[in-house]
Amino acid sequence: MSKRFTRQLTATERLYLINAEICPPFANQFFLEGTGVLDAKLWRKAVEVAAAANPGSRLVLKGKLNFSRWVDSGKTPPVREVDGSSWDCMSPEGAPFLNDPLSPDGPTCEVILIHGDPLRVCIRTLHAVMDGRGTAQWMYDISRVLRGEQPIGFNSTMTEYQVAKSFQKKGRVPKPHVYIAPTGMPSGTERGFTWRRVKLNGAHYPNGLGQAALILAREAWRHADGPVRFAIPVDMRARIPNMLNNGNITNLIYIDITNHDTPESLSKNVKQQLEERRDGELYWADQLIRYMPLSMIRRALLKEIAVKNATGRYRNSGIISNMGEIPRELHVGGGFTPHDFLGIPPCVDNIPFFMGIARNSYLKVFEITISIPKVLASDGRFDAIIQRIRNEMKPGPPK
């Protein structure tokens with residue numbers, strides 16, 4: 001009999017658990033848009049087989065404090081069908097099914113078949129059990145099974161801490177909470193976040209992350225003087241050859257923006273930090289979170305949100321995640337042919353801005369999705385940011 005899959009709950013994942021509680025769903029939500037048919041019977045079987053090969057999709061939480069662990073429940077994640085015929089997939093309006101929380105008691109992951117024109121499939125994973133790349137790995141295996149192929153599965157149960165320490169011994173010291181948001185000051189006390197999708201013509205935007213960071217910095221400085229700093233998620237799986245891991249193996253690097261920066265200088269900055277293995281630097285004190293009761297973490301985060309809403313100063317000005325390109329051919333199967341991909345950035349009230357960018361060479365578009373706390377999205381500020389992005393992002397020549 002094979003050993004039951006289990007792995008340690010990390011310090012980062014403890015924070016994510018509370019994020020999901022105070023600002024649900026705090027989940028990775030990836031969408032495939034396409035044509036054909038969505039055969040629920042085929043999808044349920046494919047999800048069952050792919051989940052067995054990737055038990056990180058079947059986890060439930062067991063234990064307390066430092067003894068907390070994720071354990072394979074053995075239960076296949078649910079596949080549910082919803083009517084999305086009145087939803088345009090450009091904002092949360094018309095998609096109440098995306099507000100449904102995922103629970104550490106299970107299910108922690110699910111698949112939603114969204115009927116409409118176009119057809120859409122949503123892969124949802126509680127962020128406390130896996131990151132975006134882990135979600136994409138499971139999503140890819142579901143598509144393989146739909147095509148009649150064998151799933152690839154996982155080969156590692158290493159944690160974020162273990163991966164980082166395998167290639168970087170240096171730690172980092174937290175910066176003060178002094179950074180301004182691209183939207184200006186919070187307004188009101190409404191909880192929760194909203195999101196918008198932007199599609200730009202042309203798939204090739206040279207130094208797209210750097211372009212976006214500068215646009216957002218200029219928008220922040222339009223509201224107030226102050227430092228601007230963006231966090232950039234980095235998938236550390238690349239540091240371990242052939243690593244397949246469904247967990248949270250993402251860490252952050254940071255770019256501080258000045259008036260003298262260019263998209264090229266920011267891209268060079270990111271490249272240099274990766275060469276220096278800065279993506280492996282951890283905050284030493286964060287490991288103490290493993291020994292803290294969840295109730296204590298909850299109180300600390302709620303207090304931090306209240307302070308942010310009063311001061312308008314944050315740990316950083318936001319997060320910009322470059323998802324690259326998800327090749328559409330990897331997800332053809334079961335009578336469904338995708339032509340577009342979308343990811344909604346998970347957001348909580350103490351993160352002022354979260355942008356995801358991705359290329360779609362097939363449709364020749366550049367996808368941008370932005371999540372913002374509601375207290376920062378009001379009074380036309382969200383629309384102003386989107387308009388500035390549309391006006392100032394510069395495409396390169398077609399490739």
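Worth saying up front: this structure is predicted, and the values here are computed from it rather than measured.
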For this session: Grab the two heavy atoms, one from G153 and one from L244, that are nearest each other, plus how far apart they are.
Result: O-CD1, 3.5 Å
For this session: Could you check if a side-chain atom of Q29 sits within less than 4.5 angstrom of a side-chain atom of L98, using non-hydrogen atoms only?
Result: yes
For this session: Check the pair H339 / E33 against side-chain hydrogen bond (donor to acceptor under 3.5 Å, both in side chains), numbers first and verdict last.
Result: CA-CA 6 Å; H339 55 67; E33 292 185 328; 4.9 Å; no
For this session: Assess R120 against W87: is NZ or CZ under 6.0 Å from the centre of the six-membered ring, and within 45 degrees of the ring's axis?
Result: yes
Exercise. Does some side-chain heavy atom of I370 sit less than 4.5 Å from a side-chain heavy atom of W195?
Worked result: no
For this session: Verify the cluster assignment for V375 and I22: are they in a single hydrophobic cluster under the rule of side-chain heavy atoms below 4.5 Å apart?
Result: no
For this session: Find out whether L209 and L266 are in side-chain contact, i.e. whether some heavy atom of one side chain is under 4.5 Å from a heavy atom of the other.
Result: no
Problem set entry | Heavy-atom closest pair, residues R381 and G184 | NH1-C, 4.0 Å
Exercise. Is K308 salt-bridged to D349, going by a charged N under 4.0 Å from an acidic O?
Worked result: no
Exercise. Would Y254 and F230 count as a ring-ring contact (aromatic ring centres under 6.0 Å, His included) if you check the C-alpha gap in whole Å, the side-chain angles of each, and the deciding distance to 0.1 Å?
Worked result: CA-CA 6 Å; Y254 301 89; F230 290 104; over 10 Å; no
Problem set entry | Audit row: R359, E367, salt bridge (Lys or Arg N to Asp or Glu O under 4.0 Å) steps and yes/no | CA-CA 6 Å; R359 295 187 310 275; E367 291 273 5; over 6 Å; no
For this session: Would you please say whether a donor-acceptor pair under 3.5 Å links the side chains of N54 and S57?
Result: no
For this session: Tell me yes or no: between the side chains of S361 and E325, is some donor less than 3.5 Å from an acceptor?
Result: yes
Exercise. Any sub-3.5 Å donor-acceptor pair from R147's side-chain atoms to L330's backbone N or O?
Worked result: yes
Problem set entry | Pairwise distance CD1(I232) to CG(N251) - rounded to 0.5 angstrom | 12.5 Å
Problem set entry | Note: E13-R7 ion pair, threshold 4.0 Å (strictly below) | yes
Exercise. Side-chain heavy atoms under 4.5 angstrom apart, residues restricted to Ile, Leu, Val, Met, Phe, Trp, Tyr: same cluster for F30 and F26?
Worked result: no
For this session: Keeping the roles fixed (side chain from N245, backbone from F154), state whether a donor-acceptor pair exists under 3.5 Å.
Result: no
Exercise. So does E392 pair up with R218, basic N to acidic O under 4.0 Å?
Worked result: yes
For this session: To the nearest 0.5 Å, tell me how far K199 NZ sits from F366 CZ.
Result: 13.5 Å
For this session: Look up atom OG in S267 and atom CD in Q272, then write down how far apart they are to the nearest 0.5 Å.
Result: 13.0 Å
For this session: Please check if W221 and M355 belong to a single hydrophobic cluster, counting links between Ile, Leu, Val, Met, Phe, Trp and Tyr side chain heavy atoms closer than 4.5 Å.
Result: yes
For this session: Could you go through the side-chain hydrogen bond (donor to acceptor under 3.5 Å, both in side chains) check for T10 and E160 one step at a time?
Result: CA-CA 8 Å; T10 69; E160 167 200 50; 4.8 Å; no
For this session: Can you measure from CE (M236) to CG (D131) and round to the nearest 0.5 angstrom?
Result: 9.0 Å
Problem set entry | SB check R197 D340 (cutoff 4.0 Å) | yes
Exercise. Got a donor-acceptor contact below 3.5 angstrom from the R239 side chain to the V163 backbone?
Worked result: no
Problem set entry | Single-linkage hydrophobic cluster, 4.5 Å side-chain cutoff, V332 and I114 together | no
Exercise. Do E110 and V79 have side-chain heavy atoms sitting under 4.5 Å apart?
Worked result: no
Problem set entry | R172 to Y283 six-membered ring, cation-pi geometry met (6.0 Å, 45°) | yes
For this session: Could you tell me whether D100 and R124 make a salt bridge, using a distance below 4.0 angstrom between a side-chain N and a carboxylate O?
Result: no
For this session: Of all the heavy-atom pairs spanning P206 and P395, show the shortest one and how long it is.
Result: CD-C, 4.0 Å
Exercise. Cation over ring, R277 on F167, under 6.0 Å and within 45°?
Worked result: no
Exercise. Is the NZ atom of K303 crowded by more than 12 outside heavy atoms at less than 6.0 Å?
Worked result: no
Problem set entry | side-chain hydrogen bond (donor to acceptor under 3.5 Å, both in side chains) evaluation trace for T125 with N28 | CA-CA 5 Å; T125 64; N28 304 291; 3.0 Å; yes
Problem set entry | Under 3.5 Å: donor-acceptor pair, side chain of R229, backbone of I255 | no
For this session: Would you mind reporting whether W70 and V60 have side-chain heavy atoms less than 4.5 Å apart?
Result: no
Exercise. What's the spacing between L363 CG and N201 CG if we round to 0.5 Å?
Worked result: 11.0 Å
Exercise. Can a cation-pi geometry be assigned to R313 and Y179, taking NZ or CZ under 6.0 Å from the six-membered ring centre and within 45° of the ring axis?
Worked result: no
Exercise. Would a 4.5 Å heavy-atom cut-off, applied to side chains only, mark F382 and T194 as touching?
Worked result: yes
Exercise. Any side-chain heavy atom of W43 sitting closer than 4.5 Å to one from L38?
Worked result: yes
Exercise. Are the side chain of N155 and the backbone of N242 linked by a donor-acceptor contact shorter than 3.5 Å?
Worked result: yes
Problem set entry | Side-chain ion pair, R4 and D72, N-O less than 4.0 Å | no
For this session: Please say whether more than 12 non-hydrogen atoms of neighbouring residues, nucleotides or ligands are located less than 6.0 Å from CZ in F5.
Result: yes
For this session: Output yes when K41 and D39 qualify as a salt bridge under the 4.0 Å nitrogen-oxygen rule, no when they do not.
Result: no
Exercise. Do I112 and Y140 sit in the same hydrophobic cluster, where Ile, Leu, Val, Met, Phe, Trp and Tyr count as joined when their side-chain heavy atoms come under 4.5 Å apart?
Worked result: no
Exercise. Can you find a heavy atom in the side chain of V111 that is under 4.5 Å from one in the side chain of I142?
Worked result: yes
Exercise. Which distance, rounded to the nearest 0.5 Å, do you find between the CG of L119 and the OG of S85?
Worked result: 11.5 Å
For this session: Decide if the gap between the ring center of F31 and the ring center of F341 is smaller than 6.0 angstrom.
Result: no
